[in-house]
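Worksheet: the structure to be examined is printed underneath.
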Amino acid sequence: MPPWLRRPSATSVWPFAALSASYFAHIGFFNPYLPLWLQDQGFSLLAISLLTSVQAGTRTFAPYAWGWLSDTTGERVKLLRFGGTVALALSLVLWWPLTWPSLFIVLLLMFTHTSAMMPMSEAALAHLVTIDGKFDPKRYGRVRVWGSIGFLVTVVFAGTWFERQGMSAFPIWTSATLLAVVASVWWLSDIKEDMPLGQARASLREAFRQPGVRLLFGAIFFHVLAHVGGYVFFSLYLDSLGYSKTVIGMMWAAAVVAEVCWFTMQSRWLPMFSLTGWLLVAAGVATVRFGVTATLAQLWWAVALAQVLHAITFAAHHTACIALLSHFFPGRLRGRGQAMYSTIGYGVTGVLGGLGGGVLTTHFGLNSVFWVSTACAATAFYLVRRLRKVTPSAGG
């Protein structure tokens with residue numbers, strides 16, 4: 001039997017690499033081009049901001065609900081399989097013309113089943129890449145880099161495809177990439193995490209009483225909120241400035257190439273600073289990145305350079321957060337810790353950023369979102385400075 005057909009061992013990380021690649025391949029075309037597909041369907045800018053906020057809205061409740069269920073049962077793989085399969089079935093509805101209320105319901109149900117997939121996967125993966133109680137960034141990077149590669153392939157290829165063929169095939173792309181996700185989750189070993197009784201009774205409230213946890217999540221909130229403008233309005237912003245869809249795809253790709261470089265080499269670079277030190281660097285660089293995007297977006301080279309900073313503002317920040325969450329939320333708290341990261345970092349921020357950005361762009365133009373992003377990144381920088389004073393022992 002060929003090696004790629006064999007059932008992986010319980011300690012194998014390759015199925016997680018396949019899941020990361022397929023999931024982010026789905027995200028790589030869906031998130032950047034969903035606003036453009038909705039625009040092609042004739043929806044208003046306010047309706048687009050509402051519909052693109054649905055994904056973030058589900059992250060305010062779905063990840064924690066799924067995380068609690070996975071922590072309680074230990075059946076993360078079975079839950080991943082269920083969520084992926086239901087989302088694939090729902091995606092088929094997008095092939096038919098829909099009014100915005102019906103589209104809202106379909107996206108709500110679909111995202112409810114997909115928005116928790118990465119937190120559950122990260123929780124299961126963190127268990128495999130933690131050796132003798134210490135998070136292994138090299139092993140984690142080998143898995144996470146495939147997510148970046150999957151994102152890169154689809155964001156570039158989809159941009160070229162939609163430029164030449166139009167946006168009508170967007171629903172087909174959605175179902176095809178979700179089919180790859182489903183195939184990946186069924187490749188995972190069907191293992192159940194067994195936890196000691198003390199960990200099974202672990203309280204999330206007790207975890208939040210640890211020094212610095214609230215500051216950490218506050219910094220995460222503002223840091224990711226700064227990025228929401230880029231995730232939701234970046235394509236529309238560049239399109240309004242006359243950039244082609246191919247160039248827009250290349251700008252997204254520039255960020256992901258930088259991200260790939262980070263995840264590939266992070267085991268060498270992470271020792272340069274503590275984990276909280278990297279959070280501080282990431283927030284400072286993000287302030288510069290979004291300031292440049294707000295003021296110099298007419299210059300393609302300035303936008304490209306700002307996108308390359310994604311290696312620090314996202315990839316370095318993400319790895320540091322995953323490692324710190326493994327420290328603050330061990331064992332049976334791992335799923336809920338990752339869920340809170342998704343909810344606070346990518347759920348609440350997505351709703352506020354998407355809806356608030358829709359109001360901002362309507363009254364003040366698209367670049368106003370990036371000025372707000374700059375201010376949010378600066379706020380994250382301030383909170384991380386306070387975090388470093390409170391929890392010096394957690395920054396290793």
Side-chain angles (χ1 to χ4, degrees), residues 27 31-32 34-35 45-46 48-50 52-53 55-57 59-60 155 216-241 243 248 251-252 254-256 258-259 278-318 320-321 341-342 344-385:
I27 295 298
N31 286 12
L34 175 62
L45 191 61
L46 194 58
I48 291 172
S49 67
L50 176 64
T52 54
S53 298
Q55 184 179 42
R59 286 175 175 162
T60 62
V155 78
L216 172 62
F217 278 108
I220 288 171
F221 172 84
F222 282 103
H223 188 93
V224 179
L225 183 60
H227 286 69
V228 168
Y231 295 149
V232 177
F233 297 99
F234 185 67
S235 295
L236 292 172
Y237 182 40
L238 294 189
D239 184 67
S240 71
L241 294 174
Y243 289 87
I248 292 172
M251 290 300 181
W252 280 91
V256 184
E259 183 182 313
W278 275 112
L279 293 185
L280 191 68
V281 170
V285 172
T287 305
V288 174
R289 174 186 179 182
F290 295 115
V292 168
T293 305
T295 55
L296 300 174
Q298 296 86 354
L299 304 174
W300 70 265
W301 57 267
V303 177
L305 287 175
Q307 288 296 93
V308 169
L309 296 178
H310 192 70
I312 304 299
T313 69
F314 168 72
H317 179 267
H318 179 71
C321 286
Y341 174 49
S342 181
I344 295 174
Y346 293 90
V348 179
T349 58
V351 173
L352 292 177
L355 296 179
V359 174
L360 278 174
T361 56
T362 300
H363 292 90
F364 303 105
L366 285 161
N367 76 322
S368 63
V369 174
F370 296 93
W371 281 116
V372 174
S373 294
T374 304
C376 288
T379 303
F381 184 88
Y382 166 75
L383 291 174
V384 175
R385 287 192 64 184

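Everything numeric in this text was worked out from a predicted model, so none of it was measured.
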Please name all residues satisfying ring-ring contact (aromatic ring centres under 6.0 Å, His included) with Phe233, sequence neighbours left out, ordered by chain then number.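 By the ring-ring contact (aromatic ring centres under 6.0 Å, His included) rule, Phe233 matches no residue at all.
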Partners of Trp252 by ring-ring contact (aromatic ring centres under 6.0 Å, His included), sequence neighbours excluded?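 Testing Trp252 for ring-ring contact (aromatic ring centres under 6.0 Å, His included), a comparison that skips the adjacent residues, returns Phe234.
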Search all heavy atoms of [X] against all heavy atoms of [Y] and return the closest pair with its distance.
X: Val384; Y: Leu280; value: CG1-N, 3.6 Å
X: Leu279; Y: Cys321; value: CD2-SG, 3.9 Å
X: Thr293; Y: Ala306; value: OG1-CB, 3.8 Å
X: Gly284; Y: Phe381; value: N-CD1, 3.6 Å
X: Ala282; Y: His317; value: CB-CB, 3.9 Å
X: Leu34; Y: Thr52; value: CD2-CG2, 4.0 Å

Which ring-ring contact (aromatic ring centres under 6.0 Å, His included) pairs, counting each pair once, include a residue from residues 285-314, with sequence neighbours left out?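 Applying ring-ring contact (aromatic ring centres under 6.0 Å, His included) to every pair that reaches into residues 285-314, excluding sequence neighbours, yields His227-Phe290, His310-Phe314, Phe314-His318.
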Measure the spacing between [atom1] of [X] and [atom2] of [Y] and express it to the nearest 0.5 Å.
X: Thr374; Y: Arg289; atom1: OG1; atom2: CZ; value: 11.0 Å
X: Leu238; Y: Leu366; atom1: CG; atom2: CG; value: 9.5 Å
X: Gln55; Y: Asn31; atom1: CD; atom2: CG; value: 4.5 Å

Indicate every side-chain donor-acceptor pair of residues 216-226 with a distance under 3.5 Å to a residue at least two apart or in another chain.
unit_1 : atom_1 : unit_2 : atom_2 : d
His223 : NE2    : Thr313 : O      : 2.7

Ala297: side-chain contact (heavy atoms from CB on, under 4.5 Å) partners, not counting sequence neighbours: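 Partners of Ala297 under the side-chain contact (heavy atoms from CB on, under 4.5 Å) test: Tyr237, Leu241, Val303.
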Please enumerate all residues that pass side-chain contact (heavy atoms from CB on, under 4.5 Å) together with Ala302, with sequence neighbours excluded.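 Partners of Ala302 by the side-chain contact (heavy atoms from CB on, under 4.5 Å) criterion, ordered by chain and then number, come out as Val292, Leu296, Leu299.
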Using side-chain heavy atoms (C-beta onward) and a distance below 4.5 Å, is Val359 in contact with Phe364?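 Result no, sub-4.5 Å side-chain heavy-atom pair not found.
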